[in-house]
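Letters A, B, ... are given to chains in the order of the sequence lines, protein chains preceding strands, and every chain is numbered from 1.
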Number of protein chains: 2
Amino acid sequence: MEINREFLSKLSEFYKIFGDTTRLRILYCLKDKERCVNEISELLDISQSAISHQLKILRLYNLVRYEKKGQVVVYSITDLHVIGILEYGINHIGELLIK
Amino acid sequence: MEINREFLSKLSEFYKIFGDTTRLRILYCLKDKERCVNEISELLDISQSAISHQLKILRLYNLVRYEKKGQVVVYSITDLHVIGILEYGINHIGELLIK
DNA sequence: TGAATATATGAACAAATATTCATAAAAGGT
DNA sequence: ACCTTTTATGAATATTTGTTCATATATTCA
(Lines give C-alpha, C1' and ligand atoms only; values in the text may rest on other atoms or scores of the structure.)
Protein backbone atom coordinates (compact mmCIF):
# COMPACT_ATOMS: atom_id res chain seq x y z
CA MET A 1 0.00 0.00 0.00
CA GLU A 2 2.59 2.55 1.07
CA ILE A 3 5.78 2.89 -0.92
CA ASN A 4 8.91 1.44 0.61
CA ARG A 5 10.51 4.17 2.72
CA GLU A 6 13.92 3.96 1.20
CA PHE A 7 12.67 4.20 -2.34
CA LEU A 8 10.38 7.04 -1.32
CA SER A 9 13.28 8.90 0.08
CA LYS A 10 15.36 8.36 -3.06
CA LEU A 11 12.43 9.42 -5.16
CA SER A 12 11.99 12.68 -3.30
CA GLU A 13 15.71 13.35 -3.37
CA PHE A 14 15.61 12.82 -7.06
CA TYR A 15 12.78 15.25 -7.68
CA LYS A 16 14.51 17.68 -5.38
CA ILE A 17 17.43 17.87 -7.78
CA PHE A 18 15.13 19.23 -10.44
CA GLY A 19 13.62 21.61 -7.95
CA ASP A 20 16.33 24.22 -8.21
CA THR A 21 16.67 26.72 -11.02
CA THR A 22 20.46 26.66 -11.01
CA ARG A 23 20.54 22.91 -11.52
CA LEU A 24 17.80 23.04 -14.11
CA ARG A 25 19.71 25.69 -16.01
CA ILE A 26 22.89 23.65 -15.85
CA LEU A 27 21.14 20.56 -17.13
CA TYR A 28 19.37 22.52 -19.80
CA CYS A 29 22.55 24.13 -21.09
CA LEU A 30 24.17 20.69 -21.29
CA LYS A 31 21.19 19.31 -23.15
CA ASP A 32 22.83 19.15 -26.59
CA LYS A 33 26.44 19.96 -25.85
CA GLU A 34 29.12 19.15 -23.33
CA ARG A 35 30.65 22.14 -21.59
CA CYS A 36 33.37 22.92 -19.11
CA VAL A 37 32.77 24.52 -15.74
CA ASN A 38 33.83 28.05 -16.63
CA GLU A 39 31.78 27.95 -19.76
CA ILE A 40 28.69 27.02 -17.76
CA SER A 41 29.52 29.61 -15.17
CA GLU A 42 29.84 32.40 -17.73
CA LEU A 43 26.89 31.26 -19.78
CA LEU A 44 24.58 31.28 -16.80
CA ASP A 45 26.27 34.15 -15.02
CA ILE A 46 26.63 32.24 -11.77
CA SER A 47 29.85 32.04 -9.76
CA GLN A 48 32.27 29.24 -10.56
CA SER A 49 32.02 28.00 -7.01
CA ALA A 50 28.24 27.79 -7.01
CA ILE A 51 28.31 25.92 -10.32
CA SER A 52 30.94 23.56 -9.03
CA HIS A 53 28.95 22.80 -5.91
CA GLN A 54 25.85 22.10 -7.95
CA LEU A 55 27.74 19.98 -10.44
CA LYS A 56 28.90 17.90 -7.56
CA ILE A 57 25.30 17.14 -6.66
CA LEU A 58 24.40 16.37 -10.26
CA ARG A 59 27.41 14.08 -10.43
CA LEU A 60 26.46 12.38 -7.19
CA TYR A 61 23.14 11.43 -8.70
CA ASN A 62 24.69 10.42 -11.99
CA LEU A 63 22.88 13.06 -13.94
CA VAL A 64 26.04 14.39 -15.48
CA ARG A 65 29.24 12.80 -16.60
CA TYR A 66 32.62 14.14 -15.63
CA GLU A 67 35.58 14.05 -18.00
CA LYS A 68 38.92 15.65 -17.37
CA LYS A 69 40.55 17.03 -20.50
CA GLY A 70 43.84 18.56 -19.54
CA GLN A 71 43.25 21.57 -17.34
CA VAL A 72 39.61 21.58 -18.12
CA VAL A 73 36.79 19.41 -16.84
CA VAL A 74 34.05 18.77 -19.29
CA TYR A 75 30.57 17.89 -18.14
CA SER A 76 27.80 16.31 -20.15
CA ILE A 77 24.40 14.77 -19.56
CA THR A 78 24.76 11.15 -18.53
CA ASP A 79 21.83 9.64 -20.18
CA LEU A 80 18.70 10.23 -22.19
CA HIS A 81 16.48 9.67 -19.17
CA VAL A 82 17.58 13.00 -17.81
CA ILE A 83 16.57 14.79 -20.98
CA GLY A 84 13.37 12.78 -21.00
CA ILE A 85 12.49 13.91 -17.51
CA LEU A 86 13.28 17.51 -18.37
CA GLU A 87 11.13 17.38 -21.44
CA TYR A 88 8.38 15.58 -19.63
CA GLY A 89 8.38 18.45 -17.17
CA ILE A 90 8.51 21.10 -19.84
CA ASN A 91 5.66 19.56 -21.81
CA HIS A 92 3.31 18.27 -19.16
CA ILE A 93 3.77 20.55 -16.25
CA GLY A 94 2.75 23.65 -18.12
CA GLU A 95 -0.70 22.18 -18.51
CA LEU A 96 -1.04 21.49 -14.82
CA LEU A 97 0.07 24.94 -13.84
CA ILE A 98 -2.59 26.63 -15.89
CA LYS A 99 -5.70 25.12 -14.32
CA MET B 1 18.73 28.90 -26.07
CA GLU B 2 18.04 29.39 -22.38
CA ILE B 3 14.59 28.64 -21.01
CA ASN B 4 12.43 31.62 -20.20
CA ARG B 5 13.11 32.59 -16.60
CA GLU B 6 9.55 32.61 -15.45
CA PHE B 7 8.80 29.19 -16.82
CA LEU B 8 12.04 27.91 -15.38
CA SER B 9 11.05 29.14 -11.99
CA LYS B 10 7.61 27.54 -12.22
CA LEU B 11 9.18 24.33 -13.40
CA SER B 12 11.53 24.16 -10.45
CA GLU B 13 8.75 25.03 -8.02
CA PHE B 14 6.77 22.23 -9.49
CA TYR B 15 9.48 19.64 -9.12
CA LYS B 16 10.09 20.92 -5.64
CA ILE B 17 6.62 19.82 -4.63
CA PHE B 18 7.52 16.26 -5.43
CA GLY B 19 10.80 16.65 -3.63
CA ASP B 20 9.40 16.07 -0.17
CA THR B 21 8.56 12.70 1.28
CA THR B 22 5.53 13.93 3.19
CA ARG B 23 3.95 15.34 0.07
CA LEU B 24 4.87 12.27 -1.96
CA ARG B 25 3.29 10.06 0.65
CA ILE B 26 0.15 12.16 0.72
CA LEU B 27 -0.14 12.05 -3.06
CA TYR B 28 0.58 8.36 -3.12
CA CYS B 29 -2.04 7.53 -0.53
CA LEU B 30 -4.59 9.52 -2.52
CA LYS B 31 -3.65 7.74 -5.71
CA ASP B 32 -6.71 5.50 -5.91
CA LYS B 33 -8.95 6.84 -3.19
CA GLU B 34 -10.09 10.14 -1.75
CA ARG B 35 -9.41 10.61 1.95
CA CYS B 36 -10.09 13.11 4.68
CA VAL B 37 -7.37 14.91 6.59
CA ASN B 38 -7.45 12.82 9.76
CA GLU B 39 -7.42 9.65 7.73
CA ILE B 40 -4.28 10.77 5.93
CA SER B 41 -2.73 11.91 9.16
CA GLU B 42 -3.32 8.57 10.87
CA LEU B 43 -2.41 6.51 7.86
CA LEU B 44 0.94 8.23 7.48
CA ASP B 45 1.49 8.83 11.18
CA ILE B 46 2.17 12.52 10.72
CA SER B 47 0.55 15.26 12.79
CA GLN B 48 -2.72 16.69 11.57
CA SER B 49 -1.17 20.11 11.42
CA ALA B 50 1.75 19.06 9.28
CA ILE B 51 -0.60 17.28 6.91
CA SER B 52 -2.85 20.27 6.71
CA HIS B 53 0.05 22.59 5.92
CA GLN B 54 1.25 20.30 3.19
CA LEU B 55 -2.23 19.85 1.75
CA LYS B 56 -2.39 23.60 1.48
CA ILE B 57 0.65 23.56 -0.76
CA LEU B 58 -0.69 20.70 -2.84
CA ARG B 59 -3.94 22.61 -3.17
CA LEU B 60 -2.12 25.78 -4.15
CA TYR B 61 -0.57 23.96 -7.07
CA ASN B 62 -3.81 22.24 -7.98
CA LEU B 63 -2.47 18.81 -7.33
CA VAL B 64 -5.31 17.90 -5.03
CA ARG B 65 -8.96 18.77 -4.97
CA TYR B 66 -10.71 19.95 -1.85
CA GLU B 67 -14.27 19.00 -1.02
CA LYS B 68 -16.05 19.77 2.18
CA LYS B 69 -18.47 17.04 3.29
CA GLY B 70 -20.09 18.12 6.52
CA GLN B 71 -17.48 18.23 9.26
CA VAL B 72 -14.97 16.47 7.13
CA VAL B 73 -12.83 17.71 4.26
CA VAL B 74 -12.10 15.16 1.62
CA TYR B 75 -9.05 15.44 -0.58
CA SER B 76 -8.41 13.71 -3.86
CA ILE B 77 -5.93 13.87 -6.71
CA THR B 78 -6.92 16.57 -9.16
CA ASP B 79 -5.92 15.04 -12.37
CA LEU B 80 -4.27 12.13 -14.10
CA HIS B 81 -1.16 14.15 -14.86
CA VAL B 82 -0.23 14.00 -11.23
CA ILE B 83 -0.44 10.24 -11.17
CA GLY B 84 1.42 10.16 -14.47
CA ILE B 85 4.27 12.17 -13.04
CA LEU B 86 4.40 9.99 -9.95
CA GLU B 87 4.46 6.84 -12.01
CA TYR B 88 7.00 8.28 -14.39
CA GLY B 89 9.20 8.90 -11.40
CA ILE B 90 8.61 5.50 -9.90
CA ASN B 91 9.33 3.68 -13.14
CA HIS B 92 12.14 5.68 -14.67
CA ILE B 93 14.02 7.07 -11.76
CA GLY B 94 14.90 3.72 -10.32
CA GLU B 95 16.93 2.98 -13.40
CA LEU B 96 18.86 6.21 -13.16
CA LEU B 97 19.65 5.72 -9.51
CA ILE B 98 21.23 2.35 -10.06
CA LYS B 99 24.00 3.30 -12.49
C1' DT C 1 60.56 25.69 -10.92
C1' DG C 2 57.28 29.39 -10.80
C1' DA C 3 53.22 31.74 -12.54
C1' DA C 4 48.73 31.31 -14.50
C1' DT C 5 44.43 28.98 -15.23
C1' DA C 6 40.71 25.77 -14.10
C1' DT C 7 38.22 23.32 -10.80
C1' DA C 8 36.94 21.58 -6.16
C1' DT C 9 35.90 22.06 -1.48
C1' DG C 10 35.22 23.31 3.58
C1' DA C 11 33.30 26.66 6.57
C1' DA C 12 30.39 30.52 7.38
C1' DC C 13 26.41 32.70 6.32
C1' DA C 14 21.83 33.49 4.29
C1' DA C 15 17.58 31.98 2.78
C1' DA C 16 13.98 28.77 2.22
C1' DT C 17 11.27 25.11 3.99
C1' DA C 18 9.03 21.82 7.26
C1' DT C 19 7.27 20.85 11.74
C1' DT C 20 5.33 21.87 16.12
C1' DC C 21 2.48 24.27 19.22
C1' DA C 22 -1.31 26.89 20.40
C1' DT C 23 -5.47 28.32 18.90
C1' DA C 24 -9.24 29.69 15.75
C1' DA C 25 -13.07 28.48 12.81
C1' DA C 26 -16.72 25.56 11.17
C1' DA C 27 -19.95 21.87 11.52
C1' DG C 28 -22.61 18.27 13.99
C1' DG C 29 -24.71 16.20 17.90
C1' DT C 30 -26.96 16.74 22.50
C1' DA D 1 -26.57 27.23 23.42
C1' DC D 2 -22.80 24.22 24.45
C1' DC D 3 -19.63 20.59 23.80
C1' DT D 4 -17.12 17.70 20.55
C1' DT D 5 -14.85 16.75 16.33
C1' DT D 6 -12.44 18.14 12.26
C1' DT D 7 -9.61 21.15 9.78
C1' DA D 8 -6.91 25.44 9.09
C1' DT D 9 -3.58 28.74 10.31
C1' DG D 10 -0.04 32.04 12.41
C1' DA D 11 4.12 32.23 14.91
C1' DA D 12 8.17 30.10 16.67
C1' DT D 13 11.56 26.88 15.96
C1' DA D 14 14.30 23.46 13.66
C1' DT D 15 16.19 21.75 9.64
C1' DT D 16 17.76 21.76 5.10
C1' DT D 17 19.67 23.88 1.24
C1' DG D 18 22.22 27.31 -1.62
C1' DT D 19 25.71 30.79 -2.05
C1' DT D 20 29.89 33.13 -0.97
C1' DC D 21 34.49 33.45 0.47
C1' DA D 22 38.90 31.79 1.06
C1' DT D 23 41.83 28.42 -0.21
C1' DA D 24 43.58 23.87 -1.91
C1' DT D 25 44.66 20.98 -5.83
C1' DA D 26 45.90 19.93 -10.45
C1' DT D 27 47.47 21.04 -14.97
C1' DT D 28 49.72 23.72 -18.52
C1' DC D 29 52.99 27.00 -20.11
C1' DA D 30 57.06 29.94 -19.85
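- As a whole-Å value, the separation of B:Gln54 CD from D:dT15 C1' is 14 Å.
- Between the C1' atom of C:dT19 and the CD1 atom of B:Ile51 lies a distance of 11 Å, rounded to the nearest Å.
- Counting only distance, with no hydrogens or angles, the side chain of A:Gln54 and the backbone of A:Ile51 share no donor-acceptor pair below 3.5 Å.
- For the pair A:Lys69 NZ and D:dT28 C1', the interatomic distance rounds to 17 Å; values are reported in whole Å.
- Other residues, nucleotides and ligands contribute over 12 non-hydrogen atoms within 6.0 Å of the CG atom of B:Asn4.
- Between the CG atom of B:Leu24 and the P atom of C:dA18 there is a distance of 12 Å, rounded to whole Å.
- B:Ile57 places its CD1 atom 11 Å from the C1' atom of C:dT19, with the value rounded to the nearest Å.
- The pairing partner recorded for C:dA26 is D:dT5, the criterion being a Watson-Crick or G-U wobble arrangement whose two distances lie under 3.5 angstrom.
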Discussion item. Please evaluate residues B:Arg35 and B:Glu42 with respect to the criterion side chain to side chain contact (heavy atoms under 4.5 Å, CB included), reporting the C-alpha separation (whole Å), side-chain torsions for both, the decisive distance (0.1 Å), and the verdict.
Written reply: CA-CA 11 Å; B:Arg35 295 183 193 275; B:Glu42 281 166 26; over 6 Å; no

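- Mapping A:Lys16 and A:Gly70 onto DNA chain D by nearest heavy atom places A:Lys16 at the nucleotide closer to the 5' end.
- Using a 4.5 Å heavy-atom threshold, the side chains of B:Val74 and B:Tyr66 count as separate.
- Distance CD1 (B:Ile17) to C1' (C:dA18): 15 Å, rounded to an integer number of Å.
- A:Leu58 and A:Val72 end up in different hydrophobic clusters when Ile, Leu, Val, Met, Phe, Trp and Tyr side chains are linked at under 4.5 Å.
- Rounded to whole Å, the distance from CZ on B:Arg35 to P on D:dT6 is 16 Å.
- To the nearest angstrom, P of C:dT19 lies 7 Å from CD1 of B:Ile46.
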Which atom pairs link the protein and nucleotides 4-10 of chain C when you take only N or O atoms and keep those under 3.5 Å?
{"from": "C:dT5", "atom 1": "O2", "to": "A:Gln71", "atom 2": "NE2", "distance (Å)": "2.9"}
{"from": "C:dT7", "atom 1": "OP1", "to": "A:Val37", "atom 2": "N", "distance (Å)": "3.3"}
{"from": "C:dT7", "atom 1": "OP1", "to": "A:Val73", "atom 2": "N", "distance (Å)": "3.2"}
{"from": "C:dT7", "atom 1": "OP1", "to": "A:Val73", "atom 2": "O", "distance (Å)": "3.4"}
{"from": "C:dT7", "atom 1": "OP2", "to": "A:Asn38", "atom 2": "N", "distance (Å)": "2.8"}
{"from": "C:dT7", "atom 1": "OP2", "to": "A:Asn38", "atom 2": "ND2", "distance (Å)": "3.1"}
{"from": "C:dA8", "atom 1": "OP1", "to": "A:Tyr75", "atom 2": "OH", "distance (Å)": "2.7"}
{"from": "C:dA8", "atom 1": "OP2", "to": "A:Ser52", "atom 2": "OG", "distance (Å)": "2.8"}
{"from": "C:dA8", "atom 1": "N7", "to": "A:Gln48", "atom 2": "NE2", "distance (Å)": "2.9"}
{"from": "C:dA8", "atom 1": "N6", "to": "A:Gln48", "atom 2": "OE1", "distance (Å)": "3.3"}
{"from": "C:dT9", "atom 1": "O4", "to": "A:Ser49", "atom 2": "OG", "distance (Å)": "2.8"}
{"from": "C:dG10", "atom 1": "O6", "to": "A:His53", "atom 2": "NE2", "distance (Å)": "2.8"}

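- With a 6.0 Å cutoff to the six-membered ring centre and a 45° limit on the axis angle, B:Lys10 does not count as a cation-pi contact of B:Phe7.
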